[in-house]
Amino acid sequence: MNSLKIKILGLTAVLLVLTLGLSAWQNLHSQKSALSQVITQDSQLLGETVRNVIIAHMTNGQSIEVPTILEKIHKEPAFETVRIFDETGRILISAQPEEIGDSVPTAEFLGFRSGKPFISKKIMGKEYHVTLLPIHNTQACHSCHEPARQVLGVLNMHLSMSALDPLRDESRSAALTSSAVMLLVLMLSITLFILVYVDLPIRKLVAGMQHLEQGDFEHATTAIDSSAEMSLLSSKFNQMVDRLKSLIETKLRQEKEITVSQEKLAYHEEIHNMNLTLEERLREIEYLNTTLESRIEEIESANLKIADLAGDLEAKNTTLRQAVTRLSALNEMGLTINSARELETLFPLLIKKTLETLQAQAGYILLLGQNPKELRLVNAVGLPERQNPGAHLPPRAVNISHRVIEDRKPLLITSDDQLQDAADGPFGFTNETVICAPLVIKAEVIGTITITNKTDMSSFTNEDLDLLSTISNQASVAIYNVRLYREQQNTYLNTVQALVSAIEASDAYTSGHSERVTRYSLALARHLGMRQAALRRLEQAAILHDVGKIGIAIELLHKKGVLSEEDVGLLQQHPVIGVRILEPIEFLDGVRDIIAQHHERYDGAGYPYGLRGEELLIEARILAVADTYDAMTSDRPYRSALSHQTALLEIESQAGAQFDPRVAKSFIDLFRDTGMPKTSPHA
């Protein structure tokens with residue numbers, strides 16, 4: 001955009017547009033003025049003609065023809081209004097009869113009063129030429145009108161200026177077209193002139209300068225003859241190129257001579273300096289040889305010290321790595337065991353992680369029983385199979401653990417006599433090395449954790465004992481937390497179970513229902529081989545499965561007549577109500593789902609959600625069979641209890657429809673001949 005050519009063309013274009021624009025505007029204005037004068041003259045001539053025609057008819061006594069004349073004039077497209085009004089402005093005669101008697105517009109009346117025969121006005125955006133010619137009372141009119149009356153009426157005609165619009169548009173188009181053509185011709189001419197006589201010579205000069213900048217004197221000269229000025233400029237430029245070429249060649253030749261001289265001088269100085277430096281280096285080498293001998297002796301001594309330090313550092317690094325490894329293991333163990341919520345999962349996890357951390361072969365946890373001198377084995381790894389978890393050990397069976405409990409501090413055993421005492425215990429395996437630490441909760445020793453025999457057959461150290469003490473502290477906190485958590489669970493369960501028992505106690509037919517359903521469900525679940533965690537969830541769900549009946553009206557629960565559809569719908573809401581009641585209790589999360597599904601059917605026809613098949617939890621399918629069996633074998637207001645065999649036949653008939661076929665078959669196989677179990681649900 002900084003090009004001289006573009007600037008010249010731009011400025012020229014702007015000047016041409018302004019000049020031709022002003023010229024076109026002036027022409028259009030002059031045409032408009034000329035057309036206005038023409039229409040004014042024509043309007044005056046028409047007005048005088050119409051007035052003379054009207055006066056002639058009135059003089060000949062043909063006044064009745066005046067309206068007809070006005071109507072004929074009004075039919076012409078250029079005339080919008082043709083009428084005659086008196087000196088007061090009242091319309092006497094009009095080509096539009098409906099306006100006779102009305103008053104003329106104020107502007108036209110004032111124009112007549114001011115003596116203007118013609119005025120211009122705009123109506124609804126259109127321009128009109130208005131004629132206001134008075135019809136005087138001449139001598140010929142005195143026979144019909146009073147001589148004192150000077151004006152008989154005023155001829156008022158509206159001549160529309162829109163008739164001139166086509167002519168104006170044509171003039172405007174012609175003016176704009178001619179201006180545009182002129183602008184295009186001028187721009188092309190000026191552009192061609194600038195390109196040929198200005199731009200092209202300048203391009204040649206610029207190309208020559210570029211060659212000159214690159215040192216190409218042969219192609220730097222230019223030949224321009226488009227004008228005398230450009231020819232002179234080209235000639236001067238060529239002279240400058242020749243002069244510059246000569247100066248540069250001279251300069252190069254001089255610099256080359258100076259360089260050769262400087263190289264010769266520098267060579268001589270360098271030889272002299274090298275000689276001086278060589279003498280200094282020889283003296284330095286003699287001094288360095290002397291110094292080097294003493295440094296070699298120092299280095300040999302330092303190497304011996306470094307070797308000793310390297311050994312110490314390696315040993316410390318090994319110790320540090322072991323400490324970091326143990327700390328990481330302790331941290332991981334703390335996170336793992338503190339996440340456990342059941343003692344059944346905590347103890348195996350604790351022993352496994354401890355053996356991994358201490359790199360030992362065997363370990364076990366003993367807890368104090370009701371007898372202060374009796375210990376119970378709760379978990380072990382690496383012991384002979386003859387020792388089962390839960391076994392009670394006599395007071396002298398485990399001397400090491402009793403010593404730790406009595407002293408309330410950890411114990412490291414490496415001597416043969418002490419190991420012999422450990423070997424005489426009930427576990428029947430040889431102890432190479434043993435460490436044991438107490439488990440303490442609130443300043444009370446509850447048991448011990450014992451680790452024996454390292455995997456690499458080395459002996460335990462005090463560091464290992466400290467590590468086991470730290471682990472035992474973590475384990476004690478974890479055991480306390482699990483017990484606290486279970487107590488909290490039992491508190492919640494006992495509270496809700498009390499509510500369920502209150503509901504059942506109000507009705508002799510349902511008394512003991514939840515307890516029996518719990519016993520049946522657990523027996524069936526154990527027969528199916530379910531794990532302890534699932535058994536606990538099922539036990540809690542069986543106890544609480546009818547808690548939702550708290551939200552059902554007591555009258556409806558005890559109703560003896562036939563239930564209506566509305567009554568059935570309300571009763572079928574008790575699983576959902578039960579889920580809502582138990583929702584604030586976080587640890588019953590999985591239990592709530594079992595309660596919600598215990599009235600669903602295997603074929604999907606149950607309630608409240610219509611789940612089917614494998615969509616149902618296995619615990620819910622077990623609870624459904626146990627709940628239905630107890631309902632059938634219990635007295636109800638509307639029927640007597642069914643026999644055990646009849647209930648089993650009913651369950652068998654509903655296998656695959658109401659009940660899971662596998663669960664129903666297991667229930668029947670378990671109790672067909674033996675009858676219902678009489679054991680406690682917690683057995």
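This structure is a prediction, so every number in the text was calculated from the model and none was measured.
Between the side chain of S653 and the main chain of E650, a donor-acceptor pair closer than 3.5 Å is present. Remark: the backbone N or O of L642 is not paired with any side-chain donor or acceptor of T646 at under 3.5 angstrom. Side-chain N or O atoms of D464 include one that pairs as donor or acceptor with a backbone N or O of T461 at under 3.5 Å. In this structure, the side chain of D407 does not engage the main chain of K409 through any donor-acceptor pair within 3.5 Å. Remark: side-chain polar atoms of D567 are paired, donor with acceptor, to backbone N or O of S564 under 3.5 angstrom. Under a 3.5 Å cut-off, the side chain of D660 and the backbone N or O of G656 do not form any donor-acceptor pair. Of the possible polar contacts, one joining the Q597 side chain to the L617 backbone as a donor-acceptor pair under 3.5 Å is found. In this structure a side-chain-to-backbone donor-acceptor pair under 3.5 Å is present from Q361 to K454. Of the possible polar contacts, one joining the T433 side chain to the F460 backbone as a donor-acceptor pair under 3.5 Å is found. Looking at R601, its side chain never comes within 3.5 Å of a backbone N or O of R612 through a donor-acceptor pair.
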Next on the checklist: F671 vs H644, test: ring pair (Phe, Tyr, Trp, His ring centres under 6.0 Å). Steps then yes/no.
Outcome noted: CA-CA 9 Å; F671 302 126; H644 171 64; 7.6 Å; no

Next on the checklist: Apply side chain to side chain contact (heavy atoms under 4.5 Å, CB included) to residues D669 and F667 and explain how you reach the verdict.
Outcome noted: CA-CA 6 Å; D669 292 344; F667 187 88; over 6 Å; no

Checklist entry - Step by step, would you call T450 with I435 a side chain to side chain contact (heavy atoms under 4.5 Å, CB included)? => result CA-CA 6 Å; T450 306; I435 51 176; over 6 Å; no

Next on the checklist: Under the criterion side chain to side chain donor-acceptor pair (under 3.5 Å), I'd like the reasoning laid out for H513 against D627: C-alpha separation, chi angles, the key distance, then a yes or no.
Outcome noted: CA-CA 8 Å; H513 169 69; D627 186 35; 2.8 Å; yes

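Rounding to the nearest 0.5 Å places CG of L439 at 7.0 Å from CG of L367. Atom CD of Q572 and atom CD1 of I552 lie 10.5 Å apart (nearest 0.5 Å).
The two atoms that bring L411 and L465 nearest to each other are O-CD1, 3.5 Å, heavy atoms only.
In this structure, Q359 places its CD atom where only 12 or fewer heavy-atom neighbours from other residues, nucleotides or ligands lie under 6.0 Å away.
Partner of R621 under the salt bridge (charged side-chain N to carboxylate O under 4.0 Å, His left out) criterion, chosen from E615, E614, E600: E614.
Residues passing the ring-ring contact (aromatic ring centres under 6.0 Å, His included) test with Y607, sequence neighbours excluded: H599.
Checked against the 6.0 Å centroid threshold, H545 and H574 do not count as a close aromatic pair.
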